[in-house]
2 protein chains.
Amino acid sequence: MTYATAIEAQLTALADPTRRAILDRLRDGPLPVCDLAAGLPVSRPAVSQHLRVLSDAGLLLVTPLGNRRLYAIAPGGVQELRAYLDRLWDDALAAFASAARQAAQQQMPRE
Amino acid sequence: MTYATAIEAQLTALADPTRRAILDRLRDGPLPVCDLAAGLPVSRPAVSQHLRVLSDAGLLLVTPLGNRRLYAIAPGGVQELRAYLDRLWDDALAAFASAARQAAQQQMPRE
DNA sequence: GCTTACGGTAAGTCATGACTTACGCAACTG
DNA sequence: CAGTTGCGTAAGTCATGACTTACCGTAAGC
């Protein structure tokens, strides 16, 4: 329901295969719910619920258009997630390099 | 259990707050399970299970060291995930630009 | 006005997964 | 060779979330 961070909401949203399928179908542009559900193996209400989760995570934009609602991937939605992964990546590399340096020193204490 | 793609396994692994806490504690370098569990609000077996999930997702490296097992963030583990997000990001931007262009054309068909 | 498409919400079912305690096994330590 | 430490696994409980059908608004078309 409510998540501690935006990162958590986005990761949880992306972890579901149906929701990733929805995003995949939106890669080419906005779609209404009926078109979205037509290409998915689940019912339309299920798609609505997934769209809710994706919207709450900031990954989708909704634009009401007459009778329908167009859903589109939010540009910038995954920015925070990318930044999180980049930091994790950097720290992991630094820690790995540090551990390797330390291991090398223990193997040959002096040059 | 078994996931369709490595992306799915990594996203599922990262979606859990306890597992992200484990990764956070490994940012500075490798740790054995007992040290890892000492700073977390869950039992040690729970930590072991989370470590299994993270390892299966390719996010951790294990190096047996005598009696203990050192866990470390796998350098390169999040590479696929970063690539996935980058593609999603690029496609979303392209679709957004395309939609904006189309909307502008409909608003003012000729210059 | 009435009817039909579109889509969100309610309520209920069922599977999954996060956690616990209890146990088993390997490796240091006296 | 005991006893202890470190850690994985088994078994069971409980909450969550993904899905279904049924229902209710709202906008378009006759």
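Proteins come first, then strands; the chains are lettered A, B, ... in the order of their sequence lines, and each starts at number 1.
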message = For a 4.5 angstrom cut-off between non-hydrogen side-chain atoms, does B:I73 reach B:L54?
response = no
Please list, for nucleotides 1-6 of chain C, all pairs of protein and nucleotide N/O atoms separated by less than 3.5 Å.
from	atom 1	to	atom 2	distance (Å)
C:dA5	N3	A:N67	ND2	3.3

task = Indicate yes or no for a side-chain donor-acceptor contact from A:Q10 to the backbone of A:T5 under 3.5 Å, with no hydrogens or angles considered.
result = no
ask   = For the side chain of A:Q49, counting heavy atoms from C-beta on, which of D:dA18, D:dC19, D:dG8 is nearest?
value = D:dC19
request  = Consider the side chain of B:A46, meaning its heavy atoms from C-beta on, and name the nucleotide among C:dC19, C:dA10, D:dT9 that approaches it most closely.
outcome  = C:dC19
task = Note down the inter-axis angle between the two ends of the helix from C:dG1-D:dC30 to C:dG30-D:dC1, five pairs each, to the nearest 10°.
result = 10°
ask   = Does any pair with a residue in residues 39-55 of chain B pass salt bridge (Lys or Arg N to Asp or Glu O under 4.0 Å), and if so which ones, sequence neighbours excluded?
value = B:R52-B:D56
Residue-level proximity of residues 57-65 of chain B to DNA chain D when a heavy atom falls under 4.0 Å = none
ask   = Given a cutoff of under 4.5 Å between side-chain heavy atoms of I, L, V, M, F, W and Y, with clusters grown through shared members, what are the other residues clustered with A:L70?
value = A:L65
remark   = Shortest non-hydrogen pair, A:A13 vs A:A57, comes out as CB-CB, 4.0 Å
ask   = What closest approach, in Å, do A:G58 and A:A74 show between heavy atoms, and which atom pair accounts for it?
value = O-CB, 3.6 Å
query = Rounded to whole angstrom units, what separation is found between the NE2 atom of A:H50 and the P atom of C:dT9?
reply = 15 Å
query = Pairs in or reaching into residues 12-34 of chain B: which pass side-chain hydrogen bond (donor to acceptor under 3.5 Å, both in side chains), with residues at least two apart or in two chains?
reply = A:E8-B:R20, A:D91-B:R27, B:R19-B:H50, B:D24-B:R27
